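Comments concern the structure below.
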Amino acid sequence: MERYNAQEEEPIWQKKWLDKGIFKAEENTNKSKYYVLEMFPYPSGKIHMGHVRNYTMGDVIARYKRASGFNVLHPMGWDAFGMPAENAAMQRNTHPAIWTYENIKNMRSQLKLLGLSIDWDREIATCDPKYYVHEQKLFLDFLKKDLVIRKNSKVNWDPVDKTVLANEQVIDGLGWRSGAPVETKELTQWFFNITKFADDLLLKLDDLKRWPDKVKVMQDRWIGKSTGVKLHFEINQKTQNIPNKTIEVFTTRPDTLFGASFCAIAPDHPIASILSKENPEIKKFISTCQKQGTTLANISKAEKIGCKTGITVNHPFIKDKELDVYIANFVLMEYGTGAVFGCPAHDQRDLDFANKYQLEVIPVVLPSNQDPKNYKIVDEAFTGEGIIINSDFLNNLNIEDAKNLAADTLEKIQINGRAQGEKTITFRLRDWGISRQRYWGCPIPIIHCKKCGVVEVPKKDLPVTLPDDVNFDVPGNPLDRHATWKHTSCPKCHNPAERETDTFDTFVDSSWYYARFCSPDSEEILDAKAVDYWLPVDQYIGGVEHAILHLLYSRFFMRSMKITGHVKIEEPFDGLFTQGMVTHETYKNKKGEWLFPEEVIIEGSSAKHIDTGEEVVIGPIESMSKSKKNIIDPNAIVSMYGADTARWFILSDTPPERDIQWTDNGVEAANKFIQKAWKIIYEGERISCQKEEKNPVDFTDESLHIRKTTHKIISDITEALDNLRFNRAVAYIYEFSNYLTTTLADNPKNIDKSIAWAIRESLEAYCKLFGPMAPHLAESCWNHLGYTSLLAEQPWPTCDKNLITKETAIIIIQVNGKKRGEIEILIDTKQKDVEQKAFNVENVIKAINDSAIKKVIYVPGKILNVVV
RNA sequence: GCCCCUGUGGCGGAAUUGGUAGACGCGACAGAUUCAAAAUCUGUUGUCUUAGGGCGUGCUGGUUCGAGUCCGGCCAGGGGCACCA
């Protein structure tokens with residue numbers, strides 16, 4: 001027997017699959033559809049192990065579903081717009097398009113080596129005008145339905161480079177290239193009106209039964225619905241000369257109004273801006289706050305600081321009570337109204353603040369276990385349930401009732417000709433800003449005309465394509481300084497006008513690509529028949545890092561596309577799976593420089609450098625990253641062991657949602673399996689009967705046992721794959737391998753006919769079962785079993801239920817919950833008979849030891865517990 | 001600070017609705033084969049033990065005939081975050 005040679009075999013099968021076109025999704029079929037999609041890659045240049053894991057999992061599902069009789073759509077494309085292409089252009093003086101297409105070419109050929117069952121005819125790249133022309137059309141359709149709005153928003157502005165920076169280009173408040181302190185600048189930008197769907201996006205999370213709870217919780221919190229009251233505090237006009245008569249605050253706790261001891265506004269609140277003009281102290285405080293940034297979690301640990309405005313406001317319920325208004329670093333302009341009232345007793349931030357500035361702390365909610373006479377709040381705010389105290393007309397109510405009564409009362413009080421308060425629902429979700437001041441993105445199909453204002457590019461003039469003749473010598477957006485591209489005429493009045501030079505956020509490209517895959521060549525945005533048939537995606541797979549933005553934006557897009565009539569449903573992804581990362585040990589030399597794994601030789605628990613012999617420090621296991629050099633190149637693994645080994649390893653041992661540690665031992669084990677499976681088929685084929693031979697009339701006990709084992713494994717693996725438990729499917733294959741190895745060794749050539757038949761049945765099932773995971777090997781095995789057909793076209797083995805129905809069962813005998821013995825019984829033996837048999841077991845008699853039997857619990861087919 | 005998740009042998013991890021804890025793989029050890037090694041194959045491998053068993057799923061308390069699984073409290077590790085009023 002020759003060793004299985006993956007390097008020789010794999011290309012053969014890849015070519016056969018391609019030539020026969022068996023992975024092409026069928027257009028006209030009566031079969032049920034199954035749409036498998038993995039998050040498409042950004043063409044960075046090379047595939048990495050994360051891709052291998054992602055696409056292997058998807059491929060297993062696609063192959064399994066195809067074998068199970070589904071019409072499978074399993075496409076691939078490229079999320080091809082984005083900043084790295086522009087960075088490459090700046091660094092290497094290559095055009096973003098050339099760099100991107102070169103990368104796509106490389107990565108496509110790398111992916112093809114993995115033997116993925118992809119319908120490559122549907123490949124799309126988002127930077128292709130044939131793709132983005134439809135995105136531009138969609139944008140115009142959205143615009144007509146008021147799904148797009150235009151408003152001001154802040155951007156990071158680099159004053160030296162005179163360019164807008166992404167968050168990741170701002171390092172410690174400085175521009176990444178210029179090093180200049182970043183300023184904020186207001187620009188008029190385009191937004192998708194995602195907040196319009198806030199309630200629906202939240203509500204329908206419940207219907208996503210095949211999504212991980214984790215992702216749903218994250219989206220729930222991101223949307224952040226809260227019910228409360230907006231109320232106007234009347235400004236005491238004596239205190240400051242400002243135009244505002246009231247400050248509007250939002251609260252979810254109107255029940256604690258009697259405990260209010262101050263008000264606070266955000267540093268960028270309009271009133272703060274007015275005051276800062278005349279008060280240098282306030283101005284200084286505001287700039288201190290701005291330096292803190294608002295995006296980092298560690299600010300939550302930062303000290304709560306504030307600055308008195310000098311303004312006071314009147315308490316809505318308590319006559320003559322005034323509250324000082326502060327500007328405070330923990331109040332956010334983006335949420336609610338940018339102003340709060342502080343009730344220190346029942347909010348930790350307010351309490352920290354009050355303690356710092358020696359403000360009143362009035363408890364108004366009394367926990368049930370406390371005595372009102374000596375109930376005090378010192379440095380821990382009470383946020384639990386209780387009864388209202390110290391609150392006039394709210395006293396003795398529970399929190400819920402007090403909230404309602406307070407809100408109702410506020411609605412009845414008139415102030416400046418309107419109700420002082422009103423019940424409101426607030427979301428933390430903000431509209432999606434889609435304008436980017438960059439070249440390598442989809443142009444926004446808009447023309448700005450001095451006379452007509454914002455004018456749409458007529459659909460007949462689409463696509464608005466990117467000009468090729470650009471350079472990146474100077475910072476900033478090349479579209480903005482392009483000599484001719486920018487200048488055009490107004491479609492309405494035909495006077496000179498300017499193109500919008502902003503391009504779309506790349507999340508726009510990825511918010512609808514899954515729909516375009518249904519009809520990638522259609523002249524329409526989406527082919528109605530195709531999307532109605534294929535959508536939703538049945539199984540979507542990708543990294544959990546996209547749990548919020550990409551998935552939420554896609555859900556927004558489906559809703560919007562439904563409104564514009566392009567699709568009929570609202571949810572894009574019926575099933576979602578988020579896979580874990582690929583990790584590896586890290587290595588450093590004595591100088592503290594990172595080393596690649598191939599530079600290191602491991603000896604027991606220590607390591608040394610492969611060339612110098614210098615001692616190497618083994619660091620913690622971390623997710624693979626270029627910066628730490630703990631990466632394994634998929635290409636290297638494929639060329640050394642073959643794609644099946646890489647695929648097999650990445651599916652083994654670790655549950656798919658967890659991080660998997662890449663180890664050399666693991667790869668060796670995977671490769672060992674490949675060889676072992678080949679050997680089993682090779683040896684087994686000599687013993688088994690001919691293919692397609694009729695099944696014998698009678699089976700011996702032994703041949704029946706082989707059949708039973710085979711069908712049990714079929715059932716187990718089918719269940720594992722249905723639940724995406726790839727690691728368990730692998731374990732069952734190992735179990736089957738061990739069983740087959742022993743069975744073959746026990747049966748020399750001159751065996752019983754029924755055994756020869758049972759062995760063939762098991763061998764055929766065997767390669768079909770590991771087929772989705774190691775598809776090339778499976779084809780070679782299938783071929784060795786005498787078939788000229790492709791295994792990829794064979795149906796999934798079906799489990800004969802009669803063969804796995806058990807006639808007998810092992811019953812565990814427990815005495816007081818401890819195992820004392822086991823007996824084998826017929827499955828429907830009555831409890832009385834089981835007991836009788838159990839009481840004859842020596843160890844059981846010993847354990848009972850003449851004690852009185854209190855109770856006997858019998859779980860049929862499983863356990864008998866005797867309580868003494 | 002808030003939210004979420006996870007703690008099982010030397011390691012990765014199995015264990016349906018609460019019902020034999022440790023499947024399967026790695027590593028280690030022993031043996032076979034070999035001049036020798038690699039590869040391969042066969043065993044053993046949670047722990048203590050007086051060899052009858054005892055103890056074992058982060059710690060601790062509870063529910064139960066019975067808890068890795070359910071409930072309370074704690075500890076540790078990981079992840080997310082936009083201080084969300």
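Chain letters run A, B, ... following the sequence lines, proteins first and then strands; every chain starts at 1. This structure is a prediction, so every number in the text was calculated from the model and none was measured.
Taking atom P in both B/G46 and B/A39, the straight-line distance is 24 Å, to the nearest Å. Comparing the C1' positions of B/C29 and B/G9 gives an interatomic distance of 16 Å, to the nearest angstrom. A distance of about 48 Å separates the C1' atoms of B/C83 and B/C24, rounded to the whole Å. Across the P atoms, B/G80 and B/G31 are found 50 Å apart, a figure rounded to whole Å. Taking atom P in both B/G22 and B/G73, one finds a spacing of 32 Å when rounded to whole Å. B/G18 and B/U69 have their C1' atoms separated by 6 Å, given to the nearest Å. Taking atom C1' in both B/G53 and B/U6, the straight-line distance is 35 Å, to the nearest Å. Across the C1' atoms, B/A36 and B/U50 are found 45 Å apart, a figure rounded to whole Å.
Checking the phosphate oxygens (OP1, OP2) of B/C55, a side-chain nitrogen or oxygen of A/K818 falls inside 4.0 Å. Close to B/G13, at under 4.0 Å from its OP1 or OP2, lies a side-chain N or O of A/R658. For A/S226, a side-chain nitrogen or oxygen approaches OP1 or OP2 of B/A85 to under 4.0 Å. Between A/K819 and B/G66, a side-chain N or O to OP1/OP2 separation shorter than 4.0 Å is absent. The phosphate of B/G25 (OP1 or OP2) has a side-chain N or O of A/N738 nearer than 4.0 angstrom. Using a 4.0 Å cut-off, some side-chain N or O of A/R349 falls inside it from OP1 or OP2 of B/C84.
Using the Watson-Crick or G-U wobble rule with both distances under 3.5 Å, B/C26 pairs with B/G10. A 3.5 Å limit on both hydrogen-bonding distances identifies B/C81 as the Watson-Crick or G-U partner of B/G1.
Atom CZ of A/R221 and atom C1' of B/C83 are 12 Å apart (whole Å). Computed from coordinates, the A/L549 CG to B/G80 P distance equals 14 Å when rounded to whole Å. Protein atom CG of A/N329 is 13 Å distant from nucleotide atom C1' of B/G1, rounded to whole Å.
Nearest to the side-chain atoms of A/N727 among the listed nucleotides B/G13, B/C84, B/A39 stands B/G13. In this structure, the nucleotide among B/U42, B/A39, B/G12 sitting nearest to the side chain of A/R3 is B/A39. Out of B/G19, B/C83, B/U20, the shortest distance to the side chain of A/N865 is found at B/G19. Across B/C41, B/C81, B/C26, the shortest atom-to-atom separation from the side chain of A/R428 is found for B/C81.
Using a cutoff of 4.0 Å between basic side-chain nitrogens and carboxylate oxygens, A/D716 and A/K712 are scored as salt-bridged. Using a cut-off of 4.0 Å between Lys/Arg side-chain N and Asp/Glu carboxylate O, A/R253 and A/D347 are scored as not salt-bridged.
With hydrogens and angles disregarded, no donor-acceptor distance shorter than 3.5 Å links the side chain of A/Q420 to the backbone of A/F233.
The base of B/C26 lies outside donor-acceptor range of the side chain of A/N665, with no N or O pair under 3.5 Å. A donor-acceptor contact under 3.5 Å is not formed by the side chain of A/K855 with the base of B/U64.
A distance of 6.0 Å or more separates the ring centres of A/Y357 and A/F262. Aromatic pair A/Y682/A/Y4: centroids not less than 6.0 angstrom apart.
Nearest-nucleotide mapping onto RNA chain B: of A/K225 and A/M218, the residue sitting toward the 5' end is A/M218.
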Checklist entry - Is there a side chain to side chain contact (heavy atoms under 4.5 Å, CB included) between A/L549 and A/W432 once you walk through the steps? => result CA-CA 10 Å; A/L549 296 182; A/W432 171 17; over 6 Å; no
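A/T251 comes within 4.0 angstrom of the backbone, heavy atoms only, and of no base.
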